[in-house]
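The structure appears right after this line, and notes come after that.
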Amino acid sequence: MASLEEQITQRRAHLDALVQLGVPAYPNRFDRRHTVSELVQAHGSRTGEELDADRPETVTSGRILGIRSFGKANFLVISDGLLRLQVYIRQDSLPALDFKIFQLLDFGDWVGVEGRLFRTKTNELTVWAARLHFLAKCHLPLPEKWHGLTDVEIRYRQRYLDLIVNPESRQVFEVRSKVVTAIREFMTTRGYVEVETPMMQPIAGGALARPFVTHHNALDMELFLRIAPELYLKRLVVGGFDRVFEINRNFRNEGISTQHNPEFTMMEFYQAYADYHQLMQMTEELVATVAQRVNGSDRVLFNGHQISLAAPFARLSLREAARDAASTRLGRDVPMASLRSRDLAAALARELGIEVDAGAGAGRIATELFERLCEDRLIQPTFVHDFPTEVSPLSKQRPDDPETVERFELYIGGFEVANAFSELNDPREQRRRFEDQLKERAGGDAEAHQMDEDYVRALEYGLPPTAGEGIGIDRLVMLLTGSPSIRDVILFPLMRHLSSRDATDVAADATDPSV
RNA sequence: GACCUGGUAGCUCAGUGGUAGAGCAUCUGACUUUUAAUCAGAGGGUCGCGGGUUCGAUCCCCGCCCGGGUCACCA
C-alpha cells in the first residue's frame, strides 16, 4: 500500500476505525490550557530535576509532525505552527481507549494532550501523556519531514502546506505581521488617524499605472480597482484630518516579477503643514524603528549585501545621480544642462543607447536615465530627491525651480521602497497638470493620469501645505526577512490557472464523502 | 513579449533510445526514554500534456500547459 490513493484510503480507514471506537471524528472544541510555544518558552530552559520537583501539568494541542513508535513506548512531535514539542505515549500511562487512538494516528493529524512536563534521558522537553484526544484528521500525506517542501510552485499555490512543514516560511509571515503592527503603532503614536478609502474607484488615480477594470451590476457602472489611495486621502486632509494613514492593497494591471505582484500592500500617509524634508527624516526613523522592533537590529542581509538601516540615509538628487552615472559611462563630463533640454537629453540618451519615447520631454528622459543607470546600484538606503515636474503630476514644485518638484523616492537593496512629495495644492496648477496628462494619454500613454474633477474641486476648497508618502510594505518585508522575491512575503501570490483536471485537485476527490 | 531553465513515486532527488531508481513517507513484523530512531520484509509510477521520428521514446524533434530566472515594462 503506497500510492497516493492507497495512502488516502488507509488514512480514511483509520478515521473510520476511530468512529467505530466511539471517538468523535470532528469534535467541536478542545479546551487547551497552553500552546506548544507557551510551554517551550516557559519550560524550555528548566532542568529535568526542576520539572520533576513541581511536575507542571498542561493541556495542549497541535499537529503531529513526527511519530516514533517502540511498541509500548512511543513519541509524537506536535507543533502549534511555530514551535514543536515532544509527547511521550506510554501504553500503561494512558486509558486503553486513548492508546487505541494513538495507534490510529497519522502524520498531520491534530491531537490534544493532557499530561505533565518532564525531560527524557536525552534531555528532551516532553509531555508525559495521561490523556490523548483526537481533534481532526489529515487525509493527505504530508511532504517529507527532513527536506520539507521546496517546490516553489506548490509553496505558493498551497501555502498551507508550506506553513505546515517549513517553519522559516511561517517566520517570514510572523515578521510581516509584526512590521504592520509596528508601523501602525509608529503612526498612531504620532497622531495619525487610520482610515479606509475606496478600493473600487470610478477614476483610477493617484499613480501612473494601468488599472484592473470591474463592473457594478445594480448601478451598471464601470469601476477600477484602485492603483493608489492618494487622491482620497488628500480629500480627507481637505476635510480636516490633518494626519491620516491607510495600510491596504493597491492593484496594478502590469507585469509580474520578483519585485511586482498585481496586488501589493502600501502604507500611505499625509501630514498637513509638513514638506518632503520632514518626511525624509520621519522615514529614516520609521524604517530603523521597525527594523529594531521586528529583528532587534537595524542591519539586514539582503541578496548578499549587508545593509544598514540606521539613520541618516544618503541623499542624492535625481538629475545629479543621472548626470554622474552618464559621465562615468561615457568617460566625459556631462553638463547638467544636458538634462534640462529635451533635445540635448534625447541626444544623451541616444549616445548611452537608452531608448526613450518620442513624446518624452527632458524630465522624463532624465528620469529614464536615472532608472536605467542608477536604480539597481542603490543598495544602501538612499533618498533620491528632486524629481522632474513632468513625471510628477501631483507634486509641488520647488519655489526656485518650477521644472523640479519636492519629491523623493527611497531606494534600498536596489529597488524603490517609498515615494513621497510635498503635495501640489494649487487647484489651477493641478488642473493644468491633469491636462498635460490627458495629452499624454491621447498620445497613447495608457498609464497617464485621468482628469479628476472632484479632486480639483476638493483642492479649490483649500488643501493646507501637506506632504504625503507611500511605503511599499511587501518590499520592506522582503528587506527585513532577506527574501529575494516578493512572492515569498505574500501569502497567496497570484498564479496562473492550472488546467481544469489539475485544478480539480486530488485532495477534493479524496475528501469528498460521496466518492 | 523575448531568451535561459525546470516538470520522474505523497515529498526530496538520481537516471537511461531497450519492461524505471534511491532516501524519507506508506504497509507487515520486532522493540518500554527515542529524536532524520533502528532492524527485517513488502508494495507504490500516464517519467507535465499532445503529436512526430524510431522495431522501440521518460530520453531525440515539434507544439502546448505550469513553474523559476534574466531582460523588456512597471512600484
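Letters A, B, ... mirror the listed sequences (proteins, then strands); counts begin at 1. Predicted model only: the values in this text are computed from it and were never measured.
Taking the six-membered ring for Trp and the full ring otherwise, H385(A) and Y276(A) have centroids separated by 6.0 Å or more. Aromatic ring centres of F102(A) and F134(A) lie farther apart than the 6.0 Å criterion allows. Between F492(A) and Y156(A), the distance from one ring center to the other does not fall under 6.0 angstrom.
At distances below 3.5 Å, at least one donor-acceptor pair connects side-chain atoms of T9(A) with backbone N or O atoms of E5(A). The main-chain N or O of E124(A) is found under 3.5 Å from a side-chain atom of T126(A) such that the two form a donor-acceptor pair. In this structure, the side chain of N166(A) does not engage the main chain of E168(A) through any donor-acceptor pair within 3.5 Å.
Among the atoms of the strands shown, only primed sugar atoms or phosphate atoms (P, OP1, OP2) are found under 4.0 Å from some heavy atom of E447(A). Residue contacts shown for M266(A) are absent, as no nucleic acid heavy atom lies under 4.0 Å away. D151(A) comes within 4.0 angstrom of the backbone, heavy atoms only, and of no base. Using a 4.0 Å heavy-atom criterion, one finds that F251(A) contacts no nucleic acid atom at all. Base engagement by N261(A) is indicated by at least one non-hydrogen atom pair under 4.0 Å involving a base atom. Note on G148(A): only backbone sugar-phosphate atoms sit closer than 4.0 angstrom, heavy atoms only; bases stay farther off. Within 4.0 Å (heavy atoms only), R210(A) reaches no atom of the nucleic acid at all. Residue contacts shown for G71(A) include a base, since a base heavy atom lies under 4.0 Å away. At the heavy-atom level, R487(A) lies under 4.0 Å from the strands shown only through sugar-phosphate atoms.
Distance L65(A) CG to rC11(B) C1': 14 Å, rounded to the nearest Å. Remark: P of rC11(B) and CG of D162(A) are 14 Å apart, rounded to the nearest angstrom. Atom pair D357(A):CG and rA72(B):C1' shows a separation of 13 Å (rounding to whole Å applied). Between F99(A) atom CZ and rU32(B) atom P the separation is 10 Å, expressed in whole Å. Rounded to whole Å, the distance from CZ on F107(A) to C1' on rA37(B) is 11 Å. Atom-to-atom, CD1 of I67(A) to P of rA37(B) comes out at 11 Å; the value is rounded to the nearest Å. Straight-line distance from the CD1 atom of I64(A) to the C1' atom of rA25(B): 15 Å, rounded to whole Å. As a whole-Å value, the separation of Q103(A) CD from rC31(B) P is 13 Å.
For the C1' atoms, the distance linking rU46(B) with rC65(B) amounts to 16 Å, nearest Å. Across the C1' atoms, rA20(B) and rC13(B) are found 14 Å apart, a figure rounded to whole Å. The C1' atoms of rG48(B) and rU38(B) are separated by 38 Å, rounded to the nearest whole Å. Rounded to the nearest Å, the gap between the C1' atom of rU16(B) and that of rU58(B) is 9 Å. Nucleotides rC4(B) and rG17(B) place their C1' atoms 26 Å apart, quoted to the nearest Å. Taking the C1' atom of each, rA36(B) and rC11(B) are spaced 14 Å apart, rounded to whole Å. Separation of the P atoms belonging to rC60(B) and rU8(B) is 16 Å when rounded to the nearest angstrom. When the C1' atom is compared between rG18(B) and rC24(B), the two are found 31 Å apart, to the nearest whole Å.
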Which dot-bracket string fits RNA chain B when only Watson-Crick or G-U wobble pairs with both atom distances under 3.5 Å count, crossing pairs get [ ], and | stands for a partner on a different strand? (((((((..((((....[..)))).(((((.......))))).....(((((..]....))))))))))))....
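Relative to the side chain of S69(A), the nucleotides rC31(B), rU26(B), rU33(B) differ in distance, and rC31(B) lies closest. Considering only side-chain atoms of P143(A), the nucleotide from rU34(B), rC11(B), rG69(B) that sits closest is rC11(B). Each of rU26(B), rU32(B), rC66(B) was ranked by its minimum atom distance to the side chain of R90(A); first place goes to rU32(B). Of the candidates rG67(B), rU32(B), rU26(B), the closest approach to any side-chain atom of V152(A) belongs to rG67(B). Checking rA36(B), rU33(B), rC11(B) against the side-chain heavy atoms of W146(A) singles out rA36(B) as nearest. Closest to the side chain of T126(A), out of rU32(B), rU26(B), rU34(B), is rU34(B). Distances from the side chain of R372(A) to the nucleotides rC27(B), rC73(B), rU12(B) place rC73(B) closest. Between rU33(B), rG67(B), rU26(B), one nucleotide has an atom nearer to the side chain of E153(A) than all others, and that is rG67(B). Closest to the side chain of Y156(A), out of rG68(B), rU12(B), rC66(B), is rG68(B). Nearest nucleotide to the side chain of D106(A), out of rC11(B), rG69(B), rC27(B): rC27(B).
With sequence neighbours excluded, the residues satisfying ring pair (Phe, Tyr, Trp, His ring centres under 6.0 Å) with F370(A) are Y411(A). With sequence neighbours excluded, the residues that form a side chain to side chain contact (heavy atoms under 4.5 Å, CB included) with E284(A) are Q281(A), A311(A), P312(A), F313(A), R315(A), F383(A).
Counting atom types as modelled, E124(A) pairs no side-chain N or O with a base atom of rU33(B) as donor and acceptor under 3.5 Å.
Mapped onto RNA chain B by nearest heavy atom, E254(A) and H147(A) fall at different nucleotides, with H147(A) at the one closer to the 5' end. For the pair F75(A) and S257(A), both in contact range of RNA chain B, the more 5′-proximal nearest nucleotide belongs to F75(A).
Residue K145(A) has a polar side-chain atom (N or O) positioned under 4.0 Å from OP1 or OP2 of rA25(B). In this structure, R496(A) reaches the rG67(B) phosphate: one of its side-chain N or O atoms is under 4.0 Å from OP1 or OP2. For the pair R68(A) and rU34(B), the criterion of a side-chain N or O lying under 4.0 Å from OP1 or OP2 is not met. The side chain of R11(A) contributes no N or O atom lying less than 4.0 Å from OP1 or OP2 of rU26(B). Residue T150(A) places at least one side-chain N or O under 4.0 Å from the OP1 or OP2 atom of rC13(B). The phosphate of rG67(B) has OP1 or OP2 within less than 4.0 Å of a side-chain N or O from R157(A).
T389(A) and R433(A) share no side-chain donor-acceptor pair at under 3.5 Å.
Classification of the F118(A)-Y88(A) ring pair by plane angle, with boundaries at 30° and 60°, yields tilted.
Proximity of L286(A) to I471(A): side-chain heavy atoms (C-beta onward) are separated by under 4.5 Å at one or more points. Within the 4.5 Å cutoff, the side chain of Q86(A) has no heavy atoms near those of the V127(A) side chain.
By the criterion of a centre-to-centre distance under 5.5 Å and near-parallel planes under 30°, the ring of F70(A) forms no stack with the base of rC31(B).
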